[in-house]
Amino acid sequence: MCGIVGYVGSKPALPVLLDGLARLEYRGYDSAGVAWLKDGEVQRMRCQGKLVGLRDMVQGGKISDCPIGIGHTRWATHGAPTEENAHPHTDCKGKLVVVHNGIIENYFTLRNQLREEGHTFVSETDTEVLAHLIEKYLENDIVEAVRRCLAEVEGAFAMGVLWKGAPDKLVAARKESPLVLGAGKGENFMASDIPALLPYTREIIFLEDGDLAVLTKDSIEISRIDTGESVEREAKTISWDATAAEKAGYRHFMLKEIYEQPQSVLNTFRGRIIPETGHVDLPEIKLSNEELAKISRIVLLACGTSWHAGLVAKYWIEEWAGIPVEVELASEFRYRRLLVNETVLVVPISQSGETADTLAGLRIARKHGSPVIAICNVVGSTITRESDGTIYTHAGPEIGVASTKAFTSQLTALYILALFLAQTRNTMDPAARAEKIRALSEVPRIIEKRLEEMHQACTELSDEFYQYRDFLYLGRHLHFPIALEGALKLKEISYIHAEGYAAGEMKHGPIALIDRNMPVVALVPRDHVYEKMVSNVEEVRSRRGIIIAVAEDGDNDISRVAQHVIRVPATKDPAIKPFIFTIPLQLIAYEIAFARGCDVDQPRNLAKSVTVE
Ligand code: F6R
């Protein structure tokens with residue numbers, strides 16, 4: 001989720017690049033850099049931290065009037081947020097520079113090959129592989145060299161390339177990461193997001209996956225990366241203002257982030273699961289098979305939404321790997337007598353990597369000798385630095401305070417971890433494991449296909465329910481934590497009281513609450529506890545309760561008991577249903593909060609990163 005800007009025209013490039021990067025600030029920063037040409041040579045400046053540092057270095061753009069350049073803001077995926085890892089990256093001789101957003105899955109193999117061929121690497125990034133691979137193929141045609149490089153690359157990329165041998169040309173290419181071009185008069189642009197370009201042009205060309213573009217000040221030529229065949233991509237006139245553009249036209253970051261989930265789930269499992277062979281690859285877990293075999297218990301440690309992800313994972317890990325799991329609220333864990341030791345694997349789960357309680361819990365666990373493997377979204381954050389290893393969630397920066405895409409990415413990482421443990425400890429039939437992997441690989445497509453339709457249904461529902469003051473969310477098994485998460489989403493952004501409950505607990509107290517004033521959101525997936533869940537719904541109905549059921553396509557029985565049904569796509573494998581059932585709950589909370597006029601992205605009293613106790 002990095003930001004990219006490129007410019008070729010007649011005016012000095014640096015101010016345009018710095019301004020464009022500033023407009024991408026919402027993507028989050030850990031470092032930034034720019035490159036341009038001076039006296040026929042590539043010049044580059046990079047800086048760790050916020051853009052202001054880079055701006056000071058290049059003196060607000062006064063140091064060069066070169067009319068071509070590329071710039072980048074980094075959200076680290078491979079390698080810590082340092083100056084060495086900041087983009088642009090160069091080849092061995094510093095003849096070309098590359099900026100990149102995405103993940104090169106086979107970078108490890110490519111880097112080893114290139115090293116053997118004599119290339120020297122100076123960063124820990126996957127992007128540097130691109131610079132050296134282009135260098136390998138570069139004779140006198142940069143476009144051909146980029147094409148040959150990309151033929152060997154697996155993964156996702158949006159990239160920009162500048163070569164001193166073609167001082168009037170920028171090369172851009174994309175696959176599965178966003179990249180747009182801006183068409184100007186006597187100048188052209190590239191950027192990862194539209195807001196970077198809006199002050200300069202509103203004529204935007206959306207590159208498609210597999211497109212490669214060559215930009216000069218007077219022309220934009222687009223072709224397919226693999227065949228070289230020319231293609232036409234019409235420019236569209238964008239009417240959004242700058243704030244709308246940051247959110248890609250969505251009303252709020254939260255909504256944008258809900259819609260990004262097919263991509264963020266994909267990014268999280270990309271390169272880690274091999275559906276064809278049923279194999280899971282998690283080199284981030286720096287524990288040998290012998291060490292893993294010794295693990296007697298797992299403690300998942302987290303707060304809030306991240307804790308809910310842990311609660312779901314308990315079912316997967318216990319079922320597939322046969323290891324007992326405790327899911328601990330970090331704020332409770334840290335003040336107890338802890339019975340953990342070197343045989344207990346502790347897994348802190350945190351979007352920000354800075355949550356004070358989770359960090360404190362992990363420190364105590366380490367003192368007891370426990371190995372610690374974090375699940376985290378922010379590279380280089382404190383929790384990742386203090387853990388023995390980190391499985392990154394690759395959700396990209398999450399700006400809405402209410403966690404959405406980070407949650408489903410955490411689920412993805414935990415699902416993979418559970419299968420990895422089953423694989424190394426040999427607790428699962430390989431064919432069954434392969435089936436789970438295949439099911440996970442389907443999740444992005446399943447969600448994507450139905451997101452709009454689910455959104456529409458949740459919007460209609462919110463019209464009817466936004467004025468209620470109390471909600472109850474019910475679920476069983478994997479969907480009990482999802483009920484908790486649905487209730488948390490609603491309360492934190494709409495300020496409506498909502499409780500999540502295990503449906504089987506109804507008779508032990510909460511059923512007394514049922515009346516016409518408290519809608520009950522019932523999660524009714526077709527799984528082994530379906531009949532039980534339907535009985536719970538009947539109990540609510542017989543007490544004149546209002547039921548909003550979230551149920552799968554084709555489940556006609558539920559319509560007979562629930563007054564309202566939100567449909568989600570049916571899936572064969574129960575293990576992946578929590579991913580799907582989460583989406584309408586996020587959308588219900590979002591639409592109700594919006595209807596109530598709440599500040600959805602920055603709800604009162606809440607902070608994105610809770611760095612104090
Ligand atoms: C709710 C939410 C919070 C966080 C919690 C932990 O939408 O975002 O409950 O999940 O504060 O934060 P991280 O995951 O950053 O440790």
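Whatever order the structure lists ligands and atoms in, that order sets their numbers, starting from 1.
- Scanning S352, G304, A302 for the heavy atom closest to atom 15 (O) of ligand 1 points to S352.
- R604 is linked by a side-chain hydrogen bond (donor to acceptor under 3.5 Å, both in side chains) to nothing, counting only residues two or more places apart in sequence or in another chain.
- Near Q351, meaning under 4.0 Å from any of its heavy atoms, are these atoms of ligand 1: 13 (P), 14 (O), 15 (O), 16 (O).
- Ion pairing of E318 with K314 is present here, as a side-chain N (NZ or NE/NH1/NH2) and a carboxylate O approach within less than 4.0 Å.
- Salt-bridge formation is detected for the pair R363/E386: a Lys NZ or Arg NE/NH1/NH2 atom is positioned less than 4.0 Å from an Asp or Glu carboxylate oxygen.
- Ring centroid separation for the pair H252 and Y590 comes in under the 6.0 Å cut-off.
- Separation of the W320 and Y415 ring centroids falls under the 6.0 Å cut-off.
- Within the structure, ligand 1 lacks T404 among the residues with a heavy atom less than 4.0 angstrom away.
- Taking only nitrogen or oxygen atoms, main chain and side chain alike, T358 does not reach within less than 3.5 Å of ligand 1.
- Of all atoms in ligand 1, listed by their number and element, those nearer than 4.0 Å to a heavy atom of A402 are 7 (O).
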Tell me which donor-acceptor pairs under 3.5 Å the side chains of residues 470-477 have, and how far apart each pair is, sequence neighbours excluded?
from: D470; atom 1: OD1; to: H497; atom 2: ND1; distance (Å): 2.7
from: R476; atom 1: NE; to: N536; atom 2: OD1; distance (Å): 2.9
from: R476; atom 1: NH2; to: N536; atom 2: OD1; distance (Å): 3.0

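- Set against the non-hydrogen atoms of V401, the atoms of ligand 1 under 4.0 Å away are 8 (O).
- The environment of Q602 atom CD is sparse: at most 12 non-hydrogen atoms of other residues, nucleotides or ligands sit within 6.0 angstrom.
- Listed by number with element, the atoms of ligand 1 under 4.0 Å from a non-hydrogen atom of S306 are 10 (O), 13 (P), 14 (O).
- Neither the backbone nor the side chain of E354 comes within 4.0 Å of ligand 1, counting heavy atoms alone.
- Those atoms of ligand 1 with a heavy atom of E492 less than 4.0 angstrom away are 1 (C), 7 (O).
- We find that E176 and R270 are joined by a salt bridge, their nearest charged nitrogen and carboxylate oxygen being less than 4.0 Å apart.
- Using a non-hydrogen distance threshold of 4.0 Å, K489 registers as a contact of ligand 1.
- Heavy-atom proximity to S350, at under 4.0 Å, picks out these atoms of ligand 1: 13 (P), 14 (O), 15 (O), 16 (O).
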